[in-house]
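To start, the structure under review is shown below, and the notes come after it.
For clarity, every value in this text was computed on a predicted model and none was experimentally measured.
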Amino acid sequence: MEPSAWAVAFAALCIVALAPPASGFYLPGVAPNDFEKKDPLPVKVNKLTSIKTQLPYSYYSLPFCKPDTIVDSAENLGEVLRGDRIENSPYTFEMREPQMCQVVCKISVGEKEAKLLKEKIEDEYRVNMILDNLPLVVPIQRVDQEGAYFYQHGFHVGAKGKYSGSKDEKYFIHNHLSFTVKYHRDEQRDVSRIVAFEVKPYSVKHEYEGQWNDKKTRLTTCDPHAQRIITSSESPQEVEVGKDIIFTYDVDFKESDIKWASRWDSYLLMTDDQIHWFSIVNSLMIVLFLSGMVAMIMLRTLYRDISKYNQLETQEEAQEETGWKLVHGDVFRPPSNSDWLCVYVGTGVQFFGMLLVTMVFAVLGFLSPSNRGGLMTAMLLLWVFMGLLAGYSSSRLYKLFKGSEWKNIALRTAFTFPGSVFAIFFFLNALIWGQKSSGAVPFTTMFALVLLWFGISVPLVFVGSFLGFKKPTIEDPVKTNKIPRQIPEQAWYMNPIFSILIGDPSIWCCLHRTLLYPYFHLAAPVLLHLWVPLPCVPDSHRDMC
């Protein structure tokens, strides 16, 4: 080894030895919480969701048990736009302290309450809860694999079913919840971290002796003193006008080997090991084949034209334009409606910049699934700040087309796409507001969006346009002819409308064939549960199947 190499190695060793100690950090909103024994664990409730209507509703829009004071949790912009409404609930646990048959409350069902419950059960709405920033899930056993489970987010408000020997369909409510909190324990510090929050819902027609005494009432159908627990829905609670519904719950704590850093793996894990690899490989091969075929055709055409140019013998033949020379003087001619092309290019650059930075942040772990609404908030803010690139790219292209009114292009870039989206968004929000859904964006949030648009995005578009227009004009690689070359009359099948009608269906058929199988196979754990009739879900209303 040469002396210089030894000197470099010694210097590097000294730098490493003298480097200051490094320390890690947790991202905001995703730091772990340590719980000691008997520490309170408040359960929060979120919106009611359905795959049928796509309209979320507040948890307390239904006649559920309420705490003494309903407190709304602070939400970011993304959570509000998603329709999340996180509030406190009357369910409160104590760490590593199991509870059996705890009475929450009793409600009387009137005509209005019965109608609301039946509508939500008919539309298959689910109740979403949160504990330590983990969503509530229902573990469901897979039909095709023994001992394998997948998670359903939230539990259904109820189910429809029939009594044995009856043809009338009834509505039953899930009024007993059997919670399971899984935790990872640190033996040295004797603290625990929650790694899973599961539930099994049951419909039980509770009965009690004597007078009703709120939470101190002793039930005959569920008694912790007599070790009488609920494991099935043998006698379900029907939704009837004039009847009372008693809400109860159990909570059990189980120690788990899953560490806090890996607790989201169970929620995101796909248990299917029979991925349809053939369709995935088929899709990739079709893309590669089509790309290679187009590239080969272009290379053959260029090679043939270049060969002809090299074989020219006379000056007259050299001056004759053939092949690509026929169009080289018209390729960079400004097209019709070039102003709108500049606007669309600027909007596309803004989209691309937003998606690129979002993916980089996601790969680095800044957009954790535990940070609800973080993805949408990040994309909105990045879209706003990428207005600088939109104005810059649109004005640069506009100057290439010999334009002079850069303020006009900046104005169109700043308002065309965002204005169209905001108009559609405002119209749909008005419809959702009429349905009294929690997905309706409040006026304050709408004002914040307008403020981001006019206060940050529009000025940045104008700044980018100003900077781009001050740059030198991009030089074309070839000179454009002053007189446009006349385009020969095209055949009838080269008409743009006919080409669109023929080309689009073929593309969609190809996408349908190549992407449908992989998509449905990857989404099989979710779709499989949707195909199973709700009353026949394991451990839920077996007697009503």
Side-chain angles (χ1 to χ4, degrees), residues 291 294-295 298 301-302 305-306 321 323-361 378-425 449-488 490 496 499-500:
S291 302
V294 172
M298 294 189 67
T301 305
L302 287 171
D305 291 343
I306 293 173
E321 294 182 347
W324 287 98
K325 283 188 176 182
L326 286 171
V327 296
H328 81 280
D330 296 279
V331 169
F332 293 96
R333 186 181 306 280
S336 57
N337 300 320
S338 59
D339 294 356
W340 287 110
L341 176 62
C342 299
V343 172
Y344 296 150
V345 169
T347 304
V349 171
Q350 191 173 7
F351 255 117
F352 179 75
M354 176 194 68
L355 294 176
L356 180 63
V357 178
T358 301
M359 287 190 291
V360 170
F361 274 95
M379 293 183 70
L380 277 174
L381 294 178
L382 287 173
W383 167 267
V384 168
F385 288 107
M386 288 298 167
L388 185 69
L389 298 181
Y392 182 85
S393 56
S394 61
S395 64
R396 289 280 283 166
L397 187 60
Y398 180 67
K399 192 172 183 180
L400 174 65
F401 293 153
K402 306 300 187 292
S404 58
E405 299 292 334
W406 67 270
K407 295 180 181 179
N408 184 21
I409 291 298
L411 196 66
R412 292 190 194 183
T413 305
F415 286 94
T416 300
F417 180 77
S420 304
V421 172
F422 187 82
I424 297 173
F425 174 73
L449 293 175
V450 174
L451 189 63
L452 287 174
W453 180 16
F454 284 90
I456 301 178
S457 180
V458 173
L460 286 178
V461 171
F462 273 88
V463 171
S465 296
F466 175 77
L467 296 176
F469 202 76
K470 289 295 183 182
K471 289 286 185 178
T473 306
I474 302 174
E475 295 294 336
D476 296 332
V478 294
K479 188 177 181 181
T480 305
N481 296 333
K482 294 184 178 180
I483 302 176
R485 177 177 292 274
Q486 185 177 2
I487 300 176
Q490 301 296 310
S499 300
I500 292 173

### Task
Locate the shortest heavy-atom distance separating S393 from G346; write the atom from each residue and the value.
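Closest heavy-atom pair between S393 and G346: OG-CA, 3.4 Å.
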
### Message
Quick check: closest heavy atoms across G353 and M386, and the distance to 0.1 Å?
### Response
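Here G353 and M386 meet closest at O-CE, 3.7 Å.
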
For [X], all residues meeting ring-ring contact (aromatic ring centres under 6.0 Å, His included), sequence neighbours excluded:
| X | result |
| --- | --- |
| F352 | none |
| F361 | F366 |
| F466 | W406 |
| F351 | W383, F417 |

Side-chain touch [X]/[Y], heavy atoms, less than 4.5 angstrom:
| X | Y | result |
| --- | --- | --- |
| L411 | F462 | yes |
| V343 | S394 | no |
| F332 | L400 | no |
| V463 | L388 | yes |
| W453 | V384 | no |
| L449 | L380 | yes |
| V461 | F415 | no |
| S465 | Y392 | no |

Rounded to the nearest 0.5 Å, how far does [atom2] of [Y] lie from [atom1] of [X]?
| X | Y | atom1 | atom2 | answer |
| --- | --- | --- | --- | --- |
| L382 | L355 | CG | CG | 9.5 Å |
| K470 | S395 | NZ | OG | 11.5 Å |
| T416 | I409 | OG1 | CD1 | 9.0 Å |

### Task
Can you sort out the partners of Y344 under side chain to side chain contact (heavy atoms under 4.5 Å, CB included), two or more places apart, ordered by chain and number?
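For Y344, the residues satisfying side chain to side chain contact (heavy atoms under 4.5 Å, CB included) (neighbours in sequence not counted) are W340.
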
### Query
So among L452, I456, V357, which one has a side chain to side chain contact (heavy atoms under 4.5 Å, CB included) with F385?
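Single side chain to side chain contact (heavy atoms under 4.5 Å, CB included) partner of F385 among L452, I456, V357: I456.
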
### Message
Quick check on side chain to side chain contact (heavy atoms under 4.5 Å, CB included): which of E405, R396, K407, K399 does F469 satisfy it with?
### Response
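Among the candidates, only K399 passes.
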
### Message
Under the salt bridge (Lys or Arg N to Asp or Glu O under 4.0 Å) definition, can you give me all pairs with a residue in residues 332-352, not counting sequence neighbours?
### Response
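Listed once each, the pairs are D330-R333.
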
